[in-house]
Amino acid sequence: MTTQVTESELEALLHGALRAKGAGERWATESNESWCRVAPRSGTGPAQGWKLHVSATAASAPAVLEKALDVLLKDGSAFKFARSLEQVSALNTRATPRGSSGKFITVYPASDADAARLAQDLHTATEGLTGPRILSDQPYTPNSLVHYRYGAFVGRRRLSDEGLMVWYIEDPDGNPVEDKRTGRYAPPAWAVSPFPDSVPVATPKTETPRRPVLLGGRFSVREAIRHTNKGGVYRGTDAETHAPVVIKETRPHVEADASGNDVRDWLRTEARTLEKLKGTGLAPEPLAMFEHGGHLFLAQEEVPGIPLRNWVAEHFRDAGAARYRTDALAQAGRLVDLVEAAHARGCVLRDFTPANVMVRPDGALRLIDLELAVLADDVALPTRVGTPGFSPPERLVDAPVSPTGDYYSLGATLCFVLTGKVPALLEEKPATRPAEDRLGEWLDACAAPLDLPDGLRAMILGLMKDDPAARWDPARARDALRESGTGSGAGRGRGEAARTAAARTGAARTGTTRTGTGTGTGTGTGSDTDTDVIDVAVAGIVEHLVDSMTPDDDLRLWPVSVKAGETDPCIVQQGAAGVLSVLTRYFELTDDPRLPELIATAGRWIADRTDTRSTRPGLHFGGRGTAWALYDAGRAVDDRALIDHALAVALAPQESTPSHDITHGSAGSGLAAVHLWHRTGDPRFAERVADAADRLTAAARREPSGVSWPVPAEAVVEEAGKRYLGFAHGTAGIGCFLLEAAAVTKNPEHRELALAAGELLVTHAVTVGDAAQWPAQATDVPTAPYWCHGSAGIGSFLVRLWRATGDARFRDLAVGGTRAVVERASRAAVTQCHGLAGNGDFLLDMAEATGDPAHRARAEELARLIVSERSRRGSHVVFPNEYGDVSTSWSDGSAGILAFLLRVRHTEPRHWMVQQPV
């Protein structure tokens, strides 16, 4: 059954204009959810050139479009416009990327002369109407709605050196150049503007240095704290007092509503709130509000310290889990007092989050960014704007302003301080489980790794109840904190009991066997309920992967999130090969009858889009990782054509690469060759192993403490010289390959380099309590303990190095890495690259290598944490990635999560690590 798409109000204006001008035969129109595209039926336009953008607000968009159509329908240039007022609003929010904000209408002129003429005509037609400045473009004249930039007219994309899809244009010699879409006007040097200079550049008459510009005649700017679509936030100095200040900027028409209110009105609200709280010590002291260049500014006292969000991350990193627990409880008490004090002065905060609280050096707290606050005698602006995870759910249904909304935000902030995050609970369809029940399940799963006292769990749930009237107030929360004391006693005993029980279960584990269909039953882990929930999650993930495959789609076989960038659709990291590999493993475990045809179809889809003449290097972003997945899939379903294609891809010449690492470079290509050598015995793969190992030997930089592989400037200019330590991009991954390569090449130099890599990692380990951590680079502070850069990836190499050498130092640091992983469990995302799935795989590696059941027990704790963040979509189970999206990919989606959960439920080898034949 198809849903009828109704014509939007703006699209109706177009069709009305076409009828009125009798021009319907000249123009072809096409619409999707967001855009209406209009093009002349005759002829095609250029692929790139000077494009025009016209801005508008939701209130002015109908008038702007009507005026623009009078110009554009007389011309022969293609154009598009935002199809609805909701889309116009979305283009103008404070969170809209600066490179795309404000672009209501886009015009693709047929020539430079047409561009100049249309810009003038559109400016004249829309003069006097309202719209925001488009930051990526040059205004046609000051305050004009018409803007221009040089860029692509058609969607041409290519893979960058980092393996991401980028838009590109061509220089005069036909070479591809990335069409960067940032919040700054930066045309290519060879593109000559056909437009008149809109803002002439004055030439200084003398050589005398110019004095610094004082905003508002009083404040100088030292540096920018951040830039967003709504404006900047700056550190500066008060010329009158010489005191440090913070200056907040708001741009006209951003987040404008139907009545004309925009972010400038929010800034005025913040100024009134600061005046109300003046002298209380709860917030910065206000200094001045003024306009400059058409933007509104608010200068206020600079509060020394760091945002609470940063304090949580940095203090946990530096103090360690045990000390942090005590300090976090003290901080929780201060947060309760802070909210109560603001309410006592008639101020409802409406955006109380860890980003909007400053921690001073003396530990005192201050409220900042009070632009959404409401005073007792104030008229509230629209309330749907807020911070996901911290804003109360009733905000989305325009509930009246109430202190109970702040109670919810207080609970979420306390959850963040005590556990390290607020879980991203995606919408369920149908919504059969209340949000507070789902949060309670997650907090229960935190019990073992976090040792969260029962009273604190009840406090968080009480403050974050779905029903505003039932929420705890700050006084009751304070009582719960007092009763919890330092977090010792019953709460910790509960966590230890859960871990001990899981360890006993892990010690008795014997593995699983094929079960025909479904996930299998196995021996079970933890309680029967835990086992059932994991099995249901596995089945639901598989249902999602089976149902979401789209072999008729030429662009993507499975849906993925592209917020971190879009990759080749066939690769391991974020493409079809990663999903195919996990479904192949699932079929090998279960004999699910749905999968042979699906695996063969997916394999053919990938084969049709992979080149056997040459491949990109790397395991996760390159051709050999794809070949690995195709070969294993072909063997699983006995598809000779798929196997042959996989071998052809794996043996194809590789594009030249300066990259050394696992994901993009020689080490990753070599590791895939090791796997295929063990699978096939083909001596050509042994040659490729040796070639990759020799390349890395030549590139190694000897250091007093070991060996490293600095990033070459030819790889990524911005990264040149960086000495990464982790598995994905640095020493650990390269060392792991060299260790495996030595078993193939029998070259002692390859083994010696692997040992030297281990020595470097020993040198740069940072131990906090019992936890071993590493920086991303040798000169950095320790990073989060994930596969990509941190303890999970580095530990995965060190435990293998210990097994190869017997050197207890490597084992002991790997054990320390497990403690870092467990301590951070409640703070992590649920995915492979930067989260619990990758961390859990490391714990299972440790269990296998050491025989210690405690490692498996902790891996099972991580599995329960992951499953507690599931969302049901009918028969499907999905999970949030780091950006709150649903994705199927290996690195940040369901495939990587499924791979780990299968290892928890079955005794299986780890994906993308070499398994030598028994």
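Residues: numbered from 1 along the sequence shown. Just so you know, these numbers use all the heavy atoms, side chains as well, and skip hydrogens, waters and symmetry mates.
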Hey, could you give me the [atom1]/[atom2] distance between [X] and [Y], rounded to the nearest 0.5 Å?
X: D437; Y: L425; atom1: CG; atom2: CG; result: 11.0 Å
X: I534; Y: I866; atom1: CD1; atom2: CD1; result: 9.0 Å
X: R345; Y: E340; atom1: CZ; atom2: CD; result: 10.5 Å

Any donor-acceptor pair under 3.5 Å from [X] side chain to [Y] backbone:
X: R870; Y: V867; result: yes
X: T269; Y: L372; result: no
X: S871; Y: L426; result: yes
X: S868; Y: L443; result: no
X: R366; Y: G281; result: yes
X: R350; Y: L370; result: no
X: T96; Y: A90; result: yes
X: D473; Y: Y407; result: no
X: E285; Y: G279; result: yes
X: E428; Y: R872; result: yes

Could you check K230 against L267 for side chain to side chain contact (heavy atoms under 4.5 Å, CB included), going step by step and ending with a plain yes or no? CA-CA 11 Å; K230 71 176 181 178; L267 195 63; over 6 Å; no
If you count the non-hydrogen atoms of other residues, nucleotides and ligands that lie under 6.0 Å from CZ in R323, is the total more than 12?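 No, CZ of R323 has 12 or fewer neighbouring heavy atoms, counting only those of other groups under 6.0 Å.
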Closest approach of [X] to [Y] (non-hydrogen atoms, all atoms of both residues):
X: Q300; Y: P284; value: OE1-CG, 3.4 Å
X: R827; Y: F316; value: NH2-CD1, 3.0 Å
X: A776; Y: T783; value: N-CG2, 3.9 Å
X: V904; Y: A859; value: CG2-O, 4.5 Å
X: L287; Y: V245; value: CD1-CG1, 3.4 Å
X: W787; Y: Q832; value: CB-O, 3.9 Å

S409 vs L349, side chain to side chain contact (heavy atoms under 4.5 Å, CB included): CA-CA, chis, key distance, verdict: CA-CA 9 Å; S409 299; L349 302 171; over 6 Å; no
Do you see a donor-acceptor pair shorter than 3.5 Å between the side chains of T387 and D351?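 Distance-only check passes for T387 and D351.
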Have N881 and S887 got a donor and an acceptor in their side chains that come within less than 3.5 Å?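 No, no side-chain donor-acceptor pair sits under 3.5 Å.
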Hey, which of T419, V821, L836, V822 is the one that makes side chain to side chain contact (heavy atoms under 4.5 Å, CB included) with P449?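 The passing option is V822.
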Can you list the residues that meet the salt bridge (Lys or Arg N to Asp or Glu O under 4.0 Å) rule with E823, with sequence neighbours excluded?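 By the salt bridge (Lys or Arg N to Asp or Glu O under 4.0 Å) rule, E823 matches no residue at all.
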Distance to the ring centre below 6.0 angstrom and angle to the axis at most 45 degrees; does that hold for R309 and F390?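 The answer is no, since R309 fails at least one limit relative to F390.
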In terms of the angle between their ring planes, are Y324 and W311 parallel, tilted or perpendicular, with boundaries placed at 30° and 60°?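 Geometry flag for W311 against Y324: tilted rings.
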